[in-house]
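Residue numbers begin at 1 in each chain, while the letters A, B, ... track the order of the sequences. Keep in mind that what you see is a predicted model, and the values were worked out from it rather than measured.
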Amino acid sequence: DAGVIQSPRHEVTEMGQEVTLRCKPISGHDYLFWYRQTMMRGLELLIYFNNNVPIDDSGMPEDRFSAKMPNASFSTLKIQPSEPRDSAVYFCASSPGQYRNEQFFGPGTRLTVL
Amino acid sequence: RKEVEQDPGPFNVPEGATVAFNCTYSNSASQSFFWYRQDCRKEPKLLMSVYSSGNEDGRFTAQLNRASQYISLLIRDSKLSDSATYLCVVNNAKAAGNKLTFGGGTRVLVKP
């Protein structure tokens, strides 16, 4: 079975540019999560969706960040405009729901903003 | 106080030895507990769930102590490939849905 798929795996961009990260969750999973990981702050939850509906976006740093889930098999995380402090690894994870809340992570997108 | 706290380590372990470490959690209403493993520059991967009665998976044993609000992981006969960061994960009982809270991780280095 395919796991969580993320693209791109690496992104290098210049400050001020728009960045779009993509995620395809595991088929049949009801929940999708976006995380950010840095050495300083560890793993931080940014936002999560249940059945394509955003449930909690309290972790989104500021208005420059937005996330969408137009259907059950696709989600995007957009940063506009990007800043050097956004440099991090961004993980997408999905979870089955139905009394199972373990999460399965994608390989991550390593973002560098110059 | 952090919701999930772990000793960051590193725990330097001779190959073949046993290593154990704990994590504490603050929310007594938490119901689901997991250990994840994260290798350098890789994603976190589910190692095992932690059940009330304690459970084993090969060389790995997980225990839950609800009274003292901690979970533990014990690794027997350590292999070089066990070198990784181990993340303690607890469900966030206050939040709707499947939100989990991750600890900062305990780094384990197994050496020949």
Looking at A:Q103, is its backbone amide N or carbonyl O close enough to the side chain of A:Y31 to form a donor-acceptor pair, meaning the two atoms are under 3.5 Å apart?
no

Under 3.5 Å, is there a donor-acceptor pair between the side chain of B:D39 and the main chain of B:K42?
no

Close approach to chain B in residues 69-97 of chain A, criterion heavy atom under 4.5 Å
A:F91, A:S95, A:G97

So what's closer than 4.5 Å to chain B heavy atoms on A:E44: side chain, backbone, both or neither?
neither

Do the ring planes of B:F21 and B:W35 sit parallel (below 30°), tilted (30 to 60°) or perpendicular (above 60°)?
perpendicular

Would you check if the side chain of B:Q6 reaches a backbone N or O of B:G105 as a donor-acceptor pair within less than 3.5 Å?
yes

Side chain to side chain donor-acceptor pair (under 3.5 Å) filter on B:D7, not counting sequence neighbours, yields none

Between A:Y35 and B:L100 the two heavy atoms that sit nearest each other are OH-O, 4.2 Å

Closest non-hydrogen contact found for A:T20 with A:P8 is O-CD, 4.1 Å

Name the region of A:F33, side chain, backbone, both or neither, that has any atom closer than 4.5 Å to a heavy atom of chain B.
side chain

Given the options B:F33, B:Y70, B:F34, B:Y25 meets ring pair (Phe, Tyr, Trp, His ring centres under 6.0 Å) only with B:F33

Over 60° means perpendicular and under 30° means parallel, so classify the ring planes of B:F60 and B:Y86, tilted if in between.
tilted

Please collect all salt bridge (charged side-chain N to carboxylate O under 4.0 Å, His left out) contacts where either partner lies in residues 55-82 of chain B, sequence neighbours excluded, each pair once.
B:E56-B:R76, B:R59-B:D82, B:D77-B:K79

Which residues, numbered in order, of residues 107-114 of chain A come under 4.5 angstrom of chain B by heavy-atom distance?
A:P107, A:R110

